[in-house]
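Below: one structure, written as structure tokens.
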Amino acid sequence: MKTLRLLHECSRQTLFSSISRALASAATSTQLHKLHSLIITLGLHHSVVFSAKLIAKYAHFRDPTSSFSVFRLASPSNNVYLWNSIIRALTHNGLFSEALSLYSETQRIRLQPDTYTFPSVINACAGLLDFEMAKSVHDRVWEMGFSSDLYIGNALIDMYCRFNDLDKARKVFEEMPLRDVVSWNSLISGYNANGYWNEALEIYYRFRNLGVVPDSYTMSSVLRACGGLGSVEEGDIIHGLIEKIGIKTDVIVSNGLLSMYCKFNGLVDGRRIFDKMVLRDAVSWNTMICGYSQVGLYEESIKLFMEMVNQFKPDLLTITSILQACGHLGDLEFGKYVHDYMITSGYECDITASNILINMYAKCGNLLASQEVFSGMKCKDSVSWNSMINVYIQNGSFDEAMKLFKMMKTDVKPDSVTYVMLLSMSTQLGDLDLGKELHCDLAKMGFNSNIVVSNTLVDMYAKCGEMGDSLKVFENMKARDIITWNTIIASCVHSEDCNLGLRMISRMRTEGVTPDMATMLSILPVCSLLAAKRQGKEIHGCIFKLGLESDVPVGNVLIEVYSKCGSLRNSFQVFKLMKTKDVVTWTALISACGMYGEGKKAVRSFGEMEAAGIVPDHVAFVAIIFACSHSGLVEEGLNYFHRMKKDYKIEPRIEHYACVVDLLSRSGLLDKAEDFILSMPLKPDSSIWGALLSACRMSGDTEIAERVSERIIELNPDDTGYYVLVSNVYAALGKWDQVRSIRKSIKTRGLKKDPGCSWMEIQNKVYVFGTGTKFFEQFEEVNKLLGILAGLMAKEGYIANLQFVLHDIDEDEKRDILCGHSERLAIAFGLLNTKPGTPLQVMKNLRVCEDCHTVTKYISKIVQRELLVRDANRFHVFKDGACSCGDYW
DNA sequence: CTAGGGTTAG
């Protein structure tokens with residue numbers, strides 16, 4: 001070695017300076033070790049200057065063990081210079097607690113620290129998030145009168161920023177008598193780290209106004225703030241300044257530019273910057289690779305990775321980004337390859353990387369590999385546990401998830417994410433008890449104020465049927481976001497409190513939250529449920545304003561809303577305006593036609609859909625057969641039923657069979673329907689027999705009706721509607737014992753009857769008529785009017801359908817009758833409160849009964865009005881004594 | 001003082 005030879009020739013003086021220079025320029029750790037041995041051989045290892053340089057240099061090569069042995073060997077006892085060096089070296093290598101314990105040792109041996117001691121100690125406090133130590137160190141800085149030191153001040157700003165205590169950081173900053181560019185940069189990056197983009201920019205502009213030239217760190221932080229704000233104009237201005245200062249080629253700056261433009265417009269500008277970069281480092285590659293991953297262009301990110309491998313060694317972050325891409329692509333093969341690469345690169349112990357591996361393997365469907373990674377981890381954090389718990393939940397292994405949760409508690413503290421996942425699991429399971437237990441648990445841990453947790457709680461309570469508790473959590477929230485509102489609105493819909501849902505929408509607006517697509521999609525079904533055309537239109541307007549009208553799911557729901565609100569015309573309008581239509585769009589239109597008895601239009605639409613190359617699914621076939629059935633198109637309906645299997649290889653499901661039974665029996669082909677049922681390959685359920693039974697009732701075929709009734713009772717259905725149907729059959733036959741036993745079994749099984757009700761909207765107000773609502777306004781007048789109408793109807797030839805005049809009835813049934821007639825109350829009320837000649841629109845939650853159907857026909861003729869009645873299934877337009885359904889319903 | 005990575009809710 002040339003240097004060595006030279007050294008021997010030199011005087012002691014030149015020897016010292018030569019070693020100093022050699023130490024400063026040592027480029028590898030091997031060179032450093034050689035120099036170290038030389039220093040020992042020459043007996044210079046007690047030299048404070050060389051020891052300090054060695055300590056720093058070893059730290060530079062990430063070899064804190066050697067730093068430490070140099071420190072011990074130098075027997076430093078009371079030399080603060082060496083203590084500063086070692087504390088600094090340890091901090092530099094992330095050994096914060098070791099650094100702090102050495103600092104404590106200086107106090108024990110009563111060694112006076114100097115201004116050079118504190119910056120590293122403060123950095124160590126920041127690294128450990130040790131608030132207590134931080135306080136005592138800061139106090140000491142005050143006591144020793146170091147608080148105006150520039151470097152200490154800078155370190156303090158950084159520390160408080162890392163503690164997320166921006167106020168304290170700001171205070172230190174404002175009180176500094178002298179600041180340098182690092183002070184400004186630290187504060188700006190502190191605001192950045194906490195997402196306070198505007199504050200970061202504000203500090204930057206204050207800095208600029210002083211006329212100081214920012215450096216590459218400043219610009220990098222400012223670019224990040226622009227990216228965070230999504231402010232393209234601001235970003236372009238900064239970009240211009242960077243060009244002007246001439247630091248565009250600086251790696252830090254160009255990486256900042258790259259990262260900012262990657263956030264703006266789907267990577268187009270980002271890629272351009274990347275391709276033009278003169279100097280790229282690992283961060284540049286990683287930014288681009290992650291950028292692709294983040295927008296879902298996983299293939300692109302892997303392609304770039306392959307390109308990178310040839311010229312640059314991927315680091316831990318590259319590897320983790322690629323592992324995520326593998327997970328999203330489900331590419332197990334490549335994932336395993338990258339995993340091996342990660343191990344050989346020595347990154348196996350990185351917790352984050354292992355967490356990503358757990359996820360990657362799970363996404364690729366290899367649960368075993370996930371478990372292996374998890375159990376092989378020497379050190380787990382809460383994300384590790386959460387990830388594994390989530391794997392089990394996604395896999396449906398709920399017991400395993402709970403077991404792991406219990407184990408987790410013995411290792412690390414569960415965090416808010418843990419509770420969010422487990423709560424959503426209990427929602428899935430409908431397990432209210434578990435949900436409540438978790439709620440108590442998380443309250444104790446102080447996660448009550450976490451917005452995601454609260455959102456999940458709102459959802460959990462609502463879906464488990466506890467709307468009251470759901471609202472309680474909702475009202476107690478201090479801050480709400482768009483998801484909170486969407487969740488509570490969906491909850492209202494779930495608990496069928498439509499009006500509350502609508503009120504929540506307006507409350508949301510007054511609190512300044514703009515509804516989004518999800519809001520629209522959750523509230524629109526309310527409009528169909530309520531048949532609230534006005535609200536529907538209002539929301540439609542909102543959708544236009546928000547620019548969501550071209551969204552396919554929104555359009556699909558709008559078609560449904562308008563059709564259920566009585567406006568087939570509007571449904572067609574929405575349909576025509578939609579640029580993209582999927583099978584759901586067409587199905588919505590076909591169902592709409594079906595509800596209005598427009599069977600021919602439905603058939604035409606179905607043909608157009610096929611011609612447009614859209615492949616119908618099983619729902620589309622339900623819609624078209626339903627439409628045929630409601631228009632008496634028996635041949636066509638049967639044809640579709642056969643075609644779904646023949647042309648589209650769709651195996652008919654029970655609902656298709658039910659539609660066909662409906663189709664045949666509605667047209668009076670009861671025997672054929674019964675044969676069809678007996679020949680079907682699936683076991684007929686209550687929906688199948690129920691369809692036949694409804695038709696029997698209409699055609700008065702008691703023989704089949706009784707046979708079918710027995711079948712239904714055998715099936716023991718959960719839907720009260722079927723028991724009511726059967727009980728009506730027995731009542732009509734005068735078999736009261738059976739009627740009573742059915743009633744009893746409904747009660748013992750705890751089934752609730754759907755109370756029938758009707759409602760209508762007059763001048764933006766909804767009036768509801770139904771069970772127990774005798775005391776509405778104008779009750780007397782309504783009854784009087786109904787009496788008059790009854791007289792007029794009798795003159796026209798109306799005879800009440802005696803089949804439904806039941807004897808032996810209790811209070812319950814009397815009310816049922818009243819409910820059955822709730823649409824009559826609504827119609828009479830409407831007649832009283834609208835101008836002669838105006839059409840009326842009445843909504844009903846159940847199917848319209850035979851007698852009411854007849855009565856409404858008469859009324860439409862007597863009062864010469866168009867009466868539109870929407871029941872649970874479809875629309876009936878009564879006009880001049882006839883109904884649009886042609887008595888198919 | 002700098003850039004890039006993990007689990008969660010409607």
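Just the heavy atoms: all of them, side chains too, but no hydrogens, waters or symmetry mates, feed the values below. Quick caveat, the model's predicted, so the values are computed rather than measured. First the proteins, then the strands, lettered A, B, ... as listed; each starts at 1.
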As a test of reading the structure: which of B:dG4, B:dC1, B:dA3 is closest to the side chain of A:Asp281, going by heavy atoms? B:dA3
Less than 4.0 angstrom between a side-chain N/O of A:Arg224 and OP1 or OP2 of B:dT2, yes or no? no
Ring centre gap for A:Phe405 and A:Trp385 strictly below 6.0 Å: no
Residue pair A:Thr218 / A:Asn185, side-chain donor-acceptor N/O under 3.5 Å: yes
What nucleotide, of B:dA9, B:dG4, B:dC1, holds the atom closest to the side chain of A:Ser424? B:dA9
Pick base, sugar-phosphate or nothing for A:Ile356, based on heavy-atom distances below 4.0 Å to the nucleic acid. sugar-phosphate
The criterion is ring pair (Phe, Tyr, Trp, His ring centres under 6.0 Å); which residues satisfy it with A:His339, sequence neighbours excluded? A:Tyr361
Among residues at least two apart in sequence or on other chains, which ones pass salt bridge (Lys or Arg N to Asp or Glu O under 4.0 Å) with A:Asp269? A:Arg272
Take atom CD of A:Gln394 and atom P of B:dA9, then tell me their distance rounded to the nearest Å. 8 Å
Separation of A:Asn154 atom CG from B:dT2 atom P, in whole Å? 12 Å
Of the nucleotides B:dA3, B:dA9, B:dT2, which one has an atom closest to the side chain of A:Asn455? B:dA9
Selection from B:dA9, B:dT7, B:dG4 that lies nearest to any side-chain heavy atom of A:Val452: B:dA9
With heavy atoms under 4.0 Å as the rule, sort A:Asp516 into base, sugar-phosphate or nothing. base
Name every residue in residues 288-296 of chain A that has at least one heavy atom under 4.0 Å from any atom of DNA chain B, in order of residue number, or write none if there are no such residues. A:Cys290, A:Gln294
Nearest whole angstrom, please: distance from the C1' of B:dC1 to the CD1 of A:Ile203. 14 Å
Nearest to the side chain of A:Ala282, heavy atoms from C-beta on, is which of B:dG4, B:dT7, B:dA9? B:dG4
For B:dG4 and A:Arg280 - does any side-chain N or O of the residue sit under 4.0 Å from the phosphate oxygens OP1/OP2? no
Is any side-chain N or O of A:Ser259 closer than 4.0 Å to OP1 or OP2 of B:dG4? yes
Close aromatic pair by centroid cut-off 6.0 Å: A:His439 and A:Phe447: no
Sugar-phosphate, base or nothing in reach of A:Thr487, heavy atoms under 4.0 Å: sugar-phosphate
Nearest of B:dA9, B:dT2, B:dT7 to any side-chain atom of A:Thr456? B:dA9
Candidates B:dT2, B:dT7, B:dA9 - which lies nearest the side chain of A:Val420: B:dA9
Output the rounded distance in Å from CE (A:Met460) to P (B:dA9). 15 Å
A:Asp459 and A:Ser424: side-chain contact (heavy atoms from CB on, under 4.5 Å), yes or no, with the steps? CA-CA 8 Å; A:Asp459 189 51; A:Ser424 91; over 6 Å; no
Over all strands shown, is A:Ala518 touching base, sugar-phosphate only, or nothing at heavy-atom distances under 4.0 angstrom? base
Can you tell me which nucleotide in B:dA9, B:dC1, B:dA3 comes closest to the side chain of A:Val182? B:dC1
Measure the distance from CD1 on A:Ile393 to P on B:dA9 and round it to the nearest whole Å. 9 Å
Take the protein atom CG of A:Leu317 and the nucleotide atom C1' of B:dG4, then report the distance between them rounded to whole Å. 5 Å
So which nucleotide from B:dG5, B:dT2, B:dT7 ends up closest to the side chain of A:Tyr217? B:dT2
Would you kindly check whether a donor in the side chain of A:Asp350 faces an acceptor in the base of B:dG5, or vice versa, at under 3.5 angstrom? yes
Reckon A:Leu316 touches a base, only the sugar-phosphate, or nothing at all at heavy-atom distances under 4.0 Å? base
Under 4.0 Å, heavy atoms only, any strand: does A:Asp250 hit a base, just the sugar-phosphate, or nothing? nothing
Nearest whole angstrom, please: distance from the C1' of B:dG4 to the CE of A:Met308. 10 Å
Spell out yes or no: do the side chain of A:Asp315 and the base of B:dG4 have one donor N/O and one acceptor N/O closer than 3.5 Å? yes
Test: salt bridge (charged side-chain N to carboxylate O under 4.0 Å, His left out). Region: residues 345-363 of chain A. Which pairs qualify, not counting sequence neighbours? none
Answer yes or no for A:Lys168 and A:Phe163: cation-pi contact, defined as NZ/CZ to six-membered ring centre under 6.0 Å and angle to ring axis within 45°. no
Closest of B:dT2, B:dG5, B:dG4 to the A:Ser221 side chain is B:dT2
Mind checking A:Asp381 for me? I need base, sugar-phosphate or nothing, with any heavy atom below 4.0 Å counting as a touch. base
OP1, OP2 of B:dT2 versus side-chain N and O of A:Asn255: anything below 4.0 Å? no
Integer-rounded Å distance: B:dG4 C1' and A:Leu267 CG: 14 Å
Quick one: list whatever passes ring pair (Phe, Tyr, Trp, His ring centres under 6.0 Å) with A:Trp184, sequence neighbours left out. A:Phe173, A:Phe207
Hits for salt bridge (Lys or Arg N to Asp or Glu O under 4.0 Å) against A:Asp481, two or more places apart or cross-chain, chain-then-number order -> none
What is the nucleic acid contact for A:Thr352, judged by heavy atoms within less than 4.0 Å: base, sugar-phosphate only, or nothing? base
Answer with base, sugar-phosphate or nothing: what part of the nucleic acid does A:Arg480 contact at a heavy-atom distance below 4.0 Å? nothing
